[in-house]
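Working notes, structure below.
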Amino acid sequence: MRTGLCGEVGIGDVGSRVRLCGWVARRREHGEHLAFVDLRDRSGIVQCVVDGTVDLRSEYVVAVAGVVRRRPEGMENPSLPTGEVEIGDCTVEVLSAAEPPPFLVEDRAEVDEVVRLRHRYVDLRRPRMQANLRLRAAAVSAIRRAMDRQGFCEIETPLLWSPTPEGAREFAVPSRLHTGDFYVLPQSPQIAKQLLMVGGFDRYYQIARCLRDEDLRADRQFEFTQLDMEASFVTQDDVLGFVSEAVLDAAEAATGARPQEIERMSWSAAIDRYGTDKPDLRIDTELVDLGDVFASSEVRAFAAPSVKALRVPGGSQKSRSALDGLVERAKALGAKGLAWFRVAEDEGATTLDSPLARVLSDAERDGLVRTTGAVPGDLVLVVADEHRVACTVLGQLRVELAGKPVGEGPYRYVWVVEFPLFEALGADGHPVPAHHPFTMPHPDDIDRMETDPLSVRSQAYDLVLNGWELGSGSIRIHRADIQARVFHALGISDEDAESRFGFLTSAFRYGAPPHGGFAFGIDRLAAVLAGEESIREVIAFPKTQSGADPLTGAPKALPAAALADLGIRIAAK
RNA sequence: GGACCUGUGGUGCAGCUCGGAGUGCACGCCGGCCUGUCAAGCCGGAGGUCGCGGGUUCAAAUCCCGUCAGGUCCGCCA
C-alpha cells in the first residue's frame, strides 16, 4: 500500500516515485493552481505539492503518490527533517475522511489531560506520545535482551492469584464457578517467583503487570509494569549486577547514552546526608551535622539529640515572610522549629542575620559557617530534633527549595543498600517490617534481632533515579529457623504464619535454594528517561487520579444478570 | 479520609479583588481571495447552560454555601 515512511524521505530519494500513507497534518492552499499538504505518519511529516486544488481536511487519512524532488532554491525548511525535499506531481486518494479533531495534533498544543484521554487515539498521534511509547518499547526490548543474555528465563505467573492479607490493597475478582469466593489480581509476583526458585528455575524474570488498589499519583497507577526478577545461589552483589545491566542497557537504548556505573550508598548515609531514602543526587547540597558545634551550647533551641543544617546557596535574599513560610513548612513536616541564618559580609567579615544570631557564641557562629561551608549570600537552615526528624525535615526542604522536575537531566542513579530490617515499633510493641517479612537480615546484625531489633540491617536495597524510587528487592530468607525468628520478632504466631504464608513456607521445606531478587518500575524509568513528570505520559491508556478512564467510562455498573451470575448483590449506599 | 489549586465557544487563556448586557485575545472551524507556502497570508462568518445546584442582590462568570470533575500533595502504596 505504501513504499515508505513520510519522515524518512530524504535527499537520496530524489527522482524516485513513492506512495505514502498518513494523516493530513496541515494544508496550505494558494488558489486553484497550487496546494501544499503536510502528510504525517509515525515517522514524521513530509510536504506534498498538489498542482491544483484538493478537497482535504485536517486528519483525513490519505495515500499520496508522487515523485520525490529537491525543493526549489531557497524553499527548504530547515526546521523539518524532510525539509530539503518534497513530493511533487501528487495524486491524492482519500482513504478515510475525518471530523475536525478535538485539539491540534501537535506537541505545542497544550490540552487539558482529561480531553486528551477522552480522545487518546488522537492524542497518541502527537509526536510526544509517539516518541514516549517508542522509547518505552525500546527500553523494554533492551531489558529483555539483557536478562536473556544473563541466562534468565522469562516465565509468566498467574493474574488470578490467591488473596494475601498483607501489603497493598488488592483488586478482587469474583469467581463464577466458586460463588462467593474471590481471586485477586497480583500486587506483585513476589510469592510466585520465590516458588519458581524452589522449582529450580534459578534465574527468572518477567515483564510483569502488577495491580494495586491504592490511591493514584503522578508516579502511581492502579496497574503498572515491572521488571520482576529472582535468582538462586546469588549474593546481593550478583543481584545488583544483573539489574544494573538491564537498567543501563535500557537507559542506553532509550536515550542513546549509557549512564556510568551506578553508585551505592547505605540507607543510613542516605538519611544522614540527604534526609531521605530516595536521594536526588542532582542537587549538590548535602545535610551537615552541627552536633559538635552545638555540643555544649547554651542555646536552648539547639538542645536536642541531633542538630542538622542545610545550606541554601543564594538563599539569603529570601524575604522575612518567605522565611516564616519555611518555618511553618518545617513544623508541618514534624519539626519543633526551624532556625535560619542569612549569611552576609560586612567589611570582609562574614556575618549572620538571624533572630538567633545574638545568642550564639563566637565559636558557634564560626562553627556554623565553617561546617556548612556557607558563603555570603547563602541561607543556612537548622533543625534540632531527634536525628530522623531533623534529617527528614531538612531533606524535604532541600528538595522543595532546589528540586528540579524528575525528568530533567542529568540522570543520577543510586543503589541504596542496607535498609533496616524493621521500620519502627508498632502499636503492639512488635517491630514493623520495612520491606516484607521474607527479607534476609544482614549477617553481621542477626544476633541483635531479639535484643535490639531496630538496629538490625537487612539485605534489602532500592534503586533510585533523580529522587524517584524505581524499585526494590532483597535477599530472601530460605532457612526455616531464620524465618521463624523473624516471624517471632514481628509477633506473627506459627498458626498465623501457616495460614497467611503456608504454601510458601511448606514449599521451602522441600529444598529451598538461597535466593534473592528485585523489581523495578518500567513506567517510572520510561517516564524519567522521556523527560516526563508523570507515568501517564508513557502509558497508552492511563486512568485519572480517581481511577476513571475518560475514554471507556470505566469503571461501570454490571448488568443485574452478570451480578446474579457471580452471586453478588450491591449494598445500598 | 484530608489540604491546596483549576473549571469561561472545539482548544488554550484573560475577565473574578472592586457585581452592572456573554466582553476580549490567540489557535482551530466554515466561506471567499490568493501559483512557493510550511504555525502560510488577507477578508468575512459561525460557534457559549461562564462545570452543576442553591443563596445574597434591583442585578452574579464575578460574592457566599454545597456539589461534581480534573490536577498536585499528605494519608495509603508490606
Side-chain angles (χ1 to χ4, degrees), chain A residues 25-40 45-53 57-59 69 71-80 82-84 86 88 98-119 122-123 164-170 187-188 190-191 210-222 224 329 332-334 396 399-400 405 419 421-424 426 431-439 458 460 469 471-472 474 486 490 492 500-501 521 524 533-534 536 542-548 550:
Chain A
R26 280 184 183 276
R27 84 210 124 87
R28 295 173 292 279
E29 289 180 276
H30 292 253
E32 56 184 317
H33 299 292
L34 176 66
F36 299 99
V37 176
D38 286 346
L39 188 64
R40 179 191 64 241
I45 284 175
V46 68
Q47 173 170 281
C48 306
V49 185
V50 178
D51 299 314
T53 57
R57 291 290 185 271
S58 290
E59 301 307 314
R69 68 189 185 202
R71 289 197 186 189
E73 186 79 28
M75 300 301 161
E76 301 86 359
N77 182 355
S79 62
L80 201 62
T82 60
E84 283 187 288
E86 62 191 12
E99 291 178 17
F103 49 86
L104 276 181
V105 185
E106 294 176 0
D107 279 350
R108 68 173 162 275
E110 282 191 31
V111 186
D112 184 80
E113 197 177 348
V114 74
V115 175
R116 293 174 57 201
L117 293 182
R118 190 173 298 131
H119 303 278
V122 173
D123 190 45
T164 47
E166 281 293 314
R169 193 176 290 121
E170 295 164 323
Q187 42 170 306
S188 102
Q190 180 62 37
I191 291 176
C210 306
L211 299 107
R212 296 179 185 173
D213 189 2
E214 298 287 352
D215 286 2
L216 291 70
R217 287 279 201 288
D219 61 350
R220 281 157 36 183
Q221 285 271 304
F222 283 153
F224 57 100
R329 181 71 186 129
L333 291 167
Q396 185 64 35
V399 171
E400 290 177 12
F419 270 67
L421 188 62
F422 305 115
E423 202 148 70
V432 178
H435 192 47
H436 58 61
F438 317 115
T439 303
S458 69
E469 180 191 319
S472 58
S474 64
V486 171
L490 292 171
I492 299 174
R500 283 153 73 175
F501 317 112
R524 288 184 182 177
E533 290 180 70
S534 164
R536 294 190 297 272
K543 309 261 186 302
T544 66
Q545 196 164 42
S546 69

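By convention in this document, chain letters (A, B, ...) are assigned in the order of the sequence lines, proteins followed by strands, and residues within each chain are numbered from 1. The basis for the numbers below is simple: all heavy atoms, side chains too, and nothing from hydrogens, waters or symmetry mates.
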Of the listed rC29(B), rG71(B), rC73(B), the closest approach to the Arg217(A) side chain comes from rC73(B)
Any strand counts, and the cut-off is 3.5 Å on both contacts for Watson-Crick or G-U wobble. Which nucleotide pairs with rC25(B)? rG12(B)
Please round to the nearest 0.5 Å and tell me the distance separating atom CD of Glu106(A) and atom CZ of Arg40(A). 8.0 Å
Here the distance between atom P of rU72(B) and atom CG of Asp219(A), to the nearest Å, is 9 Å
Looking at CZ of Arg217(A) and CD of Gln545(A), how far apart are the two atoms once the value is rounded to the nearest 0.5 Å? 7.0 Å
Who pairs with rC63(B) - Watson-Crick or G-U, where each distance is under 3.5 Å: rG55(B)
Of Ser188(A) and Ser534(A), the one whose closest nucleotide on RNA chain B sits nearer the 5' end is Ser534(A)
Does rC29(B) have OP1 or OP2 sitting under 4.0 Å from an N or O in the side chain of Ser58(A)? yes
Length of the CG-P vector between Asp107(A) and rG12(B), whole Å: 16 Å
Distance (rounded to the nearest 0.5 Å) between Glu113(A) CD and Arg118(A) CZ: 12.0 Å
Taking the same atom, P, in rA39(B) and in rC34(B), what whole-Å distance lies between them? 24 Å
Would you kindly give the CD-to-C1' distance between Glu110(A) and rU6(B), to the nearest whole Å? 14 Å
What is the distance, to the nearest angstrom, from the CD atom on Gln187(A) to the C1' atom on rC76(B)? 13 Å
Is a donor from one side chain sitting under 3.5 angstrom from an acceptor on the other, for Thr164(A) and Glu170(A)? yes
Please work out if Arg536(A) contacts a base, only the sugar-phosphate, or nothing of the nucleic acid, heavy-atom cut-off 4.0 Å. sugar-phosphate
First locate atom NE2 of His33(A), then atom CG of Asp51(A), and finally report the distance between them rounded to the nearest 0.5 Å. 10.5 Å
Within the 4.0 Å limit for protein heavy atoms, which parts of nucleotides 30-42 of chain B are touched? Write it as a string from 5' to 3', B for base, S for sugar-phosphate only, - for none. SS--BBBBBBB--
Give a yes or no on whether a donor-acceptor pair under 3.5 Å exists between the nucleobase atoms of rG12(B), that is its base, and the side chain of Asp112(A). no
Considering Watson-Crick and G-U wobble pairs with both distances under 3.5 Å, what does rC18(B) pair with? none
Measure the distance from CD on Glu99(A) to P on rU11(B) and round it to the nearest whole Å. 14 Å
I'd like to check Gln396(A) versus Arg329(A) (side-chain heavy atoms, cut-off strictly below 4.5 Å). Are they in contact? yes
Considering Watson-Crick and G-U wobble pairs with both distances under 3.5 Å, what does rG44(B) pair with? rC30(B)
Closest nucleotide of RNA chain B for Leu104(A) versus for Ala109(A): which of these residues is on the 5' side? Ala109(A)
Calculate, to the nearest 0.5 Å, the distance between atoms CZ and CG belonging to Arg71(A) and Asn77(A) respectively. 5.5 Å
Assess whether salt bridge (charged side-chain N to carboxylate O under 4.0 Å, His left out) is satisfied between Arg116(A) and Asp123(A), documenting all intermediate values. CA-CA 6 Å; Arg116(A) 293 174 57 201; Asp123(A) 190 45; 3.0 Å; yes
With rounding to whole Å, what would you report as the distance between rC38(B) and rG22(B) at their P atoms? 40 Å
How would you label the contact of Gln545(A) with the nucleic acid (heavy atoms, under 4.0 Å): base, sugar-phosphate, or nothing? base
Measure from CZ on Arg329(A) to C1' on rC74(B) and round the result to the nearest Å. 9 Å
If the P atom of rU35(B) is compared with that of rG45(B), how far apart are they to the nearest Å? 24 Å
Could you please name the option among rG12(B), rC74(B), rG71(B) that lies closest to any side-chain atom of Val111(A)? rG12(B)
As an exercise, state the distance from CD1 of Ile191(A) to CZ of Phe438(A), rounded to the nearest 0.5 Å. 5.0 Å
Value in whole Å for how far the C1' atom of rG12(B) lies from CZ of Arg116(A): 14 Å
Mind checking Ala35(A) for me? I need base, sugar-phosphate or nothing, with any heavy atom below 4.0 Å counting as a touch. nothing
Among the candidates rU11(B), rG1(B), rG28(B), find the nucleotide nearest to the side-chain atoms of Phe103(A). rU11(B)
Under the 3.5 Å rule, do the base of rC77(B) and the side chain of Arg212(A) count as making a donor-acceptor pair? no
Euclidean distance, atom CG of residue Leu117(A) to atom C1' of rA69(B) [Å, nearest integer]: 13 Å
